[in-house]
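Structure, as structure tokens:
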Protein chains: 2
Amino acid sequence: MPRRSAVPRRVPAAFAEHAGDRQFATTLARGLEILRCFTPQQPVLSTAELAQRTGLPKPTVSRFTYTLSGMGYLQPDLPAGRYRLGPAVLSLGYPLIASFAFRQVVRPAMEALARQVSGSVSLGLRDRTNMVYVETCRSAATSSFQLSDIGMTHPIAATAIGRAHIAGCSPAERAALLNELRVKTPELWRQHAASVTQALAAFRDKGYCVSYGDLRPGIYALATPIGRLPSRELLVLNAVSPSWTRRAAQFEPTLAPLLLRCAHAIAAQFTA
Amino acid sequence: MPRRSAVPRRVPAAFAEHAGDRQFATTLARGLEILRCFTPQQPVLSTAELAQRTGLPKPTVSRFTYTLSGMGYLQPDLPAGRYRLGPAVLSLGYPLIASFAFRQVVRPAMEALARQVSGSVSLGLRDRTNMVYVETCRSAATSSFQLSDIGMTHPIAATAIGRAHIAGCSPAERAALLNELRVKTPELWRQHAASVTQALAAFRDKGYCVSYGDLRPGIYALATPIGRLPSRELLVLNAVSPSWTRRAAQFEPTLAPLLLRCAHAIAAQFTA
DNA sequence: GACACCGTTCGACTATGCGGAACGCCAGGA
DNA sequence: TCCTGGCGTTCCGCATAGTCGAACGGTGTC
């Protein structure tokens, strides 16, 4: 009688919120979660590793890797049973990235700023509680600790670019966003709520936001909102630089004017 | 008594080949097919349009858009019931694009070539029967007919970059690839088989491949293979330019040396 | 050669996804 | 104001597509 049917489906923690949501296509979400497991640090993953990261049983992972490989989103790697992302994942983003025609135009200004700050300079958009880079320029000397590049994401609350986004929102948007951060990322919110409040106050005076190693120790960043795309999304510019810990006091005075000048240049080319 | 159960699941043509394949996760594949419907020309799609393009019934599409929106891959657009790609689609490609560190290094050489040819210059990798751009540079004056950019795909058989890929393959790889093209894209193969054969012969003499408007009338292109990435994938360089129809005879003599010089420069930085 | 680990295959079970039909909404026209 | 047509979502019974424990085969190690 202890009917085996009681085996509860091992729901990955990430989708707990959708339990009982008949509208939510679990299989689709789980499959996409496979693709999300890969990182620059772990570009090749085995079935067992994917199973561990997603919380799915091995046979399920196996079926997904089979399907995703067939569609080009994964590529089998040697030794057998290991997978890398396939070039097809880039083609998913193409229609979106092609709609950002301004990227070509503003690159020189961003490259110049990247050289000036000896770091990386990016344009980002919001995705739920994250900022996603849609364009990135790096100075030749950038330490390759974590490579900034198109598609990189950072939590809004913990970063200068995220705080600048909040600052650039309308009051209504801002209220909704802050609430979303509080509810959906309580841990990050607890850590950074104070810095966020402070950043918003500072923004009113100075026109930019900062992060002094909030995401990663020793990495300092500045950011400022630029304007709205035709699709109404808010575009934000940042400049990130390591190695200012020894002269922290010089960081803002030196770089903030450069950032703001670049932002204005970009905004000008925008409306033009 | 005409039991309704006979209702055959309306299988989208794209997955006909997987009918009865228990290993293939149809729901995942269908959901991803939704994302593939978007193009630069049609960046916003309604439920009805998605249903039409995928061949799926409206309620199914609705469930997928709900799921994909929740995950950030789609963004609801106004008026209600319309969708755009969300920034999260870019984050799927990040781990892959970050692994192409060479992009930063070779950009200047590519930009120079793009200016020289008054067109676009790209680096591409193979995805099944297509080439996918992993980096693109455009001259300022590029006619924006179809915007080359990261993630853009082109069929192998119909393009210079695809033919150059074939030329750069080992004999065993080439045999397998040509067979795959014949089987999986019979229509394209029929149209371009002769040009492919010709291109391979020409490659042995000259070291590059051409396409004189094979994909789109009036668009001429050159391409040459560069070398293997650490992951063993073959990297290929192309240069595309419109507006040479009036001086077709000048196209190759003028641009081919520039392309080859750029390719060698890139290859050098590679092995270094 | 035994063992440990891993990835895939098998198969029974049923929860999950499916999709026709109904519903509610909105815009345009009479 | 009331139709009408088109669209997107919701509903809900059905059965199929997904699930996952267990078994299997392959590989590397001691």
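Residue numbers begin at 1 in each chain, while the letters A, B, ... track the order of the sequences.
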Taking atom P of dG19(C) as reference, at what distance in whole Å does atom NZ of K58(B) sit?
-> 14 Å
Rounded to whole Å, the CD-P distance (Q52(A) to dG7(C)) equals 11 Å
Given DNA chain C, 5'-ward residue of the pair P59(A) and A25(A), judged by closest heavy atom = P59(A)
Could you state the CG-P distance from L50(B) to dT9(D), rounded to the nearest angstrom?
-> 10 Å
For the pair made of CD in E49(B) and C1' in dC7(D), what is the distance, rounded to whole Å?
-> 11 Å
Using whole Å, report how far OH of Y66(B) lies from C1' of dT9(D).
-> 12 Å
Figure out the CZ/P separation between R82(B) and dG8(D), and round it to whole Å.
-> 8 Å
Estimate the overall bend of the helix from dG1(C)-dC30(D) to dA30(C)-dT1(D) from the end axes over five pairs each, rounded to 10 degrees.
-> 40°
Between T27(B) and dC18(C), is there a side-chain N or O to OP1/OP2 distance below 4.0 Å?
-> yes
Do side-chain atoms of S122(A) reach the backbone of G124(A) as a donor and acceptor pair under 3.5 angstrom?
-> no
Atom-pair distance (CZ on F24(A); C1' on dT10(D)), nearest Å | 18 Å
4.5 Å side-chain heavy-atom contact, P155(A) and L215(A) | yes
Check the surroundings of atom CD in E180(B): do more than 12 heavy atoms from other residues, nucleotides or ligands lie under 6.0 Å from it?
-> yes
Q191(A) CD: over 12 foreign heavy atoms closer than 6.0 Å = yes
Over how many whole Å does the gap from L56(B) atom CG to dG8(D) atom P extend?
-> 15 Å
Determine yes or no for a side-chain-to-main-chain donor-acceptor pair under 3.5 angstrom, with E173(A) supplying the side chain and S170(A) the backbone.
-> yes
P57(B) has a side chain; which of dC20(D), dT9(D), dG19(C) sits nearest to it?
-> dG19(C)
Given that S62(A) and L28(A) both sit by DNA chain C, which one's nearest nucleotide is further toward the 5' end?
-> S62(A)
Given dC20(D), is OP1 or OP2 found less than 4.0 Å from the side-chain N or O atoms of R30(A)?
-> yes
E187(A) vs R190(A), salt bridge (charged side-chain N to carboxylate O under 4.0 Å, His left out): CA-CA, chis, key distance, verdict | CA-CA 5 Å; E187(A) 184 58 23; R190(A) 217 175 38 68; 2.8 Å; yes
Of all the nucleotides listed (dG8(D), dT8(C), dG7(C)), which has the minimum atom distance to the side chain of A48(B)?
-> dG8(D)
Is the shortest side-chain N/O distance from T26(B) to OP1 or OP2 of dG18(D) below 4.0 Å?
-> yes
Apply side-chain contact (heavy atoms from CB on, under 4.5 Å) to the pair R228(B) and L235(B), showing each step before the final yes or no.
-> CA-CA 6 Å; R228(B) 300 275 175 177; L235(B) 191 67; over 6 Å; no
Is any side-chain nitrogen or oxygen of T60(B) closer than 4.0 Å to OP1 or OP2 of dG17(C)?
-> no
Under 4.0 Å: is that the gap between some side-chain N or O of Q23(B) and OP1 or OP2 of dT8(C)?
-> no
Short side-chain N/O contact to dC20(D) OP1/OP2 from R63(A), under 4.0 Å = no
R84(B) and Q75(B): side-chain donor and acceptor closer than 3.5 Å?
-> yes
